[in-house]
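Here the structure is laid out as structure tokens; the discussion comes afterwards.
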Amino acid sequence: MKEQLIKAMQRNQLVDIMYFAKDGVISKRRIQIVKMIGEKLQAYCFVKHAKRTFIIDNVLAVSPVTYKERDVI
């Protein structure tokens, strides 16, 4: 999982993630990774329209966003 996130960051690529929050809620987020520090990543979240910090171990799935899908959100 971490390798996919690193590749997305290096390619400046948008990704959709399924994320398990600390309150137990699973959510889908569209993010652009800004930086990765240790076991956390900072990214701009297009769902919340703000910069967010995510714990890498809580990322359940990663899917690159294709060019056509960018127009959906």
Side-chain angles (χ1 to χ4, degrees):
M1 190 75 62
K2 191 171 185 175
E3 294 80 21
Q4 288 177 296
L5 294 167
I6 291 169
K7 284 181 185 178
M9 182 180 68
Q10 291 171 339
R11 296 175 181 165
N12 203 28
Q13 186 175 32
L14 299 181
V15 290
D16 286 335
I17 63 169
M18 295 299 291
Y19 187 73
F20 185 73
K22 54 185 161 184
D23 63 1
V25 176
I26 297 174
S27 63
K28 181 179 179 183
R29 303 288 186 94
R30 180 160 292 178
I31 63 170
Q32 183 161 17
I33 301 168
V34 176
K35 63 183 172 180
M36 296 176 74
I37 302 168
E39 296 304 312
K40 296 181 180 180
L41 66 89
Q42 287 185 351
Y44 181 81
C45 177
F46 291 92
V47 174
K48 298 289 185 179
H49 301 287
K51 206 182 242 188
R52 293 285 194 248
T53 300
F54 298 93
I55 298 169
I56 294 171
D57 286 342
N58 289 358
V59 177
L60 305 173
V62 178
S63 176
V65 176
T66 63
Y67 184 74
K68 288 181 180 179
E69 290 175 331
R70 287 180 180 216
D71 295 334
V72 174
I73 288 183

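Note that the numbering runs from 1 along the sequence shown for the chain.
- Taken to the nearest 0.5 Å, the CG atom of Leu14 stands 5.0 Å off from the CZ atom of Phe46.
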side-chain contact (heavy atoms from CB on, under 4.5 Å) assessment of Arg52 paired with Ile31: CA-CA 9 Å; Arg52 293 285 194 248; Ile31 63 170; over 6 Å; no
Gln13 and Lys7: CA distance, side-chain angles, deciding distance, side-chain contact (heavy atoms from CB on, under 4.5 Å) verdict: CA-CA 8 Å; Gln13 186 175 32; Lys7 284 181 185 178; over 6 Å; no
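- Residues Gly38 and Ile56 come closest through the heavy atom pair O-CD1, 3.9 Å.
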Verdict with supporting geometry, Tyr19 and Val25, side-chain contact (heavy atoms from CB on, under 4.5 Å): CA-CA 8 Å; Tyr19 187 73; Val25 176; over 6 Å; no
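- Side-chain heavy atoms closer than 4.5 Å link hydrophobic residues (I, L, V, M, F, W, Y) into clusters, and following such links, possibly through other members, connects Ile6 to Ile33.
- Residue His49 holds its NE2 atom at 6.0 Å from OH of Tyr44, rounded to the nearest 0.5 Å.
- To the nearest 0.5 Å, atoms NZ (Lys40) and OG1 (Thr53) are separated by 7.0 Å.
- Atoms CD1 and CZ, from Ile55 and Phe20 in turn, are 11.0 Å apart once rounded to the nearest 0.5 Å.
- The line from CD of Gln10 to CG of Leu5 is 11.0 Å long, rounded to the nearest 0.5 Å.
- For the residue pair Pro64 and Val15, the shortest heavy atom distance occurs at CA-CG1, 4.0 Å.
- For the pair Met1 and Val59, the tightest heavy-atom approach, listed with the atom from each and the gap, is CE-O, 3.7 Å.
- Atoms CE and OG, from Met18 and Ser27 in turn, are 7.0 Å apart once rounded to the nearest 0.5 Å.
- Counting all heavy atoms, side chain and backbone alike, Lys35 lies closest to Met9 at CA-SD, 3.7 Å.
- Across all non-hydrogen atoms, the minimal contact from Arg30 to Val47 is N-CG2, 3.9 Å.
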